[in-house]
Number of protein chains: 2
Amino acid sequence: MSGELPGTKIDHLGIAVKSIAQARAFYEALGLRVTHEETVEHERVKTAMLPVGESRVELLEPTEEDSPVGKFLAKRGEGMHHVALQVEDITAAMERLKALGARFISDEVKVGAGGHLYFFVHPSSAGGVLVEIVQPAAESTHG
Amino acid sequence: MSGELPGTKIDHLGIAVKSIAQARAFYEALGLRVTHEETVEHERVKTAMLPVGESRVELLEPTEEDSPVGKFLAKRGEGMHHVALQVEDITAAMERLKALGARFISDEVKVGAGGHLYFFVHPSSAGGVLVEIVQPAAESTHG
């Protein structure tokens, strides 16, 4: 486990709320602004992104009660749903966590809508926190 | 509520764990390093700080079961205890939140051990998340 994985930072905090319209006012009072809103159909969730420093807050509002975030709200109420950490080398991150015996939500790296890579670590391996590991989409490098 | 509050960023994520010795391995596998450990006697909690980008992860391990973090663990299990947002003007932040009708853990700004200022917003006013608002200690300015 020795050696650094450079560039790790908090990518975003995913916060499950009943109503984005209500929850955003708190963050707006602190000077944050919603820069992007989106409905992710296959997750049945509405999202609002509020950049904060090098990270962002993502408010998550379910569009249906039996969606993943809807079930989370029913069970635990509003609150932190997941923490996303951005790394530069997601394959190296997964290998290190596998070597540690960490438990994953799925055992492979997935490709997100914007081309970013991600996987989720089970809360039992991360101090009770659902952790998403993210690697940004590669920028095109013409040379 | 218009106007920006510049400089807001995530200061730290406070994560309640049963054992820092066990929980740190996950973050160390991602390249984070414990740079500071401390026992805060009056809170009856051991803390380990792991910088990540402009923020840090703070692992919180209770030294007694009936301490605030010990009670949190007994009730909710391991997981996110609080999110700290750093602002440049904590008085302005509190005024804006008061104007919004936000509920606070205590209605005044407090001074921390290192000279930083802080207050806590009740989770019911912040999407179910216990939010700490922090202003760093003023640096000495000699003219």
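Per chain, numbering begins at 1; letters A, B, ... match sequence-line order. Just the heavy atoms: all of them, side chains too, but no hydrogens, waters or symmetry mates, feed the values below. Quick caveat: nothing in here was measured; it's all calculated off a predicted structure.
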Name the atoms and distances for all side-chain donor-acceptor pairs under 3.5 Å in residues 97-115 of chain A, with sequence neighbours left out.
residue, atom, partner, partner atom, Å
A:Arg103, NH2, A:His122, NE2, 3.4

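- Proximity to chain B is limited to the side chain of A:Val121, based on heavy atoms less than 4.5 angstrom apart.
- Across every non-hydrogen atom of B:Ile10 and A:Ser55, the tightest pair is CD1-CB, 3.7 Å.
- Connection of A:Leu73 to B:Val129 is not established within any shared hydrophobic cluster, with ILVMFWY side chains joined at heavy-atom distances below 4.5 Å, either directly or through further cluster members.
- Across A:Thr8 and B:Leu30, no two heavy atoms sit closer than the pair OG1-O, 3.3 Å.
- In this structure, B:His82 NE2 and A:Met80 CE are separated by 10.5 Å, a value rounded to the nearest 0.5 Å.
- Connectivity analysis of hydrophobic side chains (ILVMFWY, heavy atoms under 4.5 Å, direct or indirect) links B:Leu60 to B:Val40, B:Val45, B:Val69.
- Side-chain atoms of A:Leu13 and B:Leu13, non-hydrogen and from C-beta on, do get closer than 4.5 Å to each other.
- A continuous path of hydrophobic side-chain contacts links A:Val34 to B:Leu85 [ILVMFWY only; heavy atoms under 4.5 Å].
- Neither the backbone nor the side chain of B:Leu59 has a heavy atom closer than 4.5 Å to any heavy atom of chain A.
- Of all residues in residues 46-54 of chain A, those placing a non-hydrogen atom less than 4.5 angstrom from a non-hydrogen atom of chain B are A:Val52, A:Gly53, A:Glu54.
- Around the CD atom of B:Glu38, the shell of radius 6.0 Å holds more than 12 heavy atoms that belong to other residues, nucleotides or ligands.
- For B:Val57, no part lies under 4.5 angstrom from a heavy atom of chain A.
- Residues A:Arg96 and B:Glu28 approach most closely at NH1-O, 4.3 Å, considering heavy atoms.
- In this structure B:Pro68 satisfies the side chain to side chain contact (heavy atoms under 4.5 Å, CB included) test together with B:Glu43, B:Arg44, sequence neighbours excluded.
- A:Phe72 and A:Val83 end up in different hydrophobic clusters when Ile, Leu, Val, Met, Phe, Trp and Tyr side chains are linked at under 4.5 Å.
- With a 4.5 Å cut-off on non-hydrogen atoms, B:Ile15 touches chain A through its side chain but not through its backbone.
- B:Lys18 NZ: 12 or fewer foreign heavy atoms inside a 6.0 Å radius.
- In this structure, no portion of A:Leu130 lies under 4.5 Å from any heavy atom of chain B.
- Between chain B and the residues A:Ala16, A:Pro123, A:Ser125, A:Gly79, the largest count of heavy-atom pairs under 4.5 Å involves A:Gly79.
- A:Arg76 touches chain B through backbone and side chain together, each having a heavy atom under 4.5 Å away.
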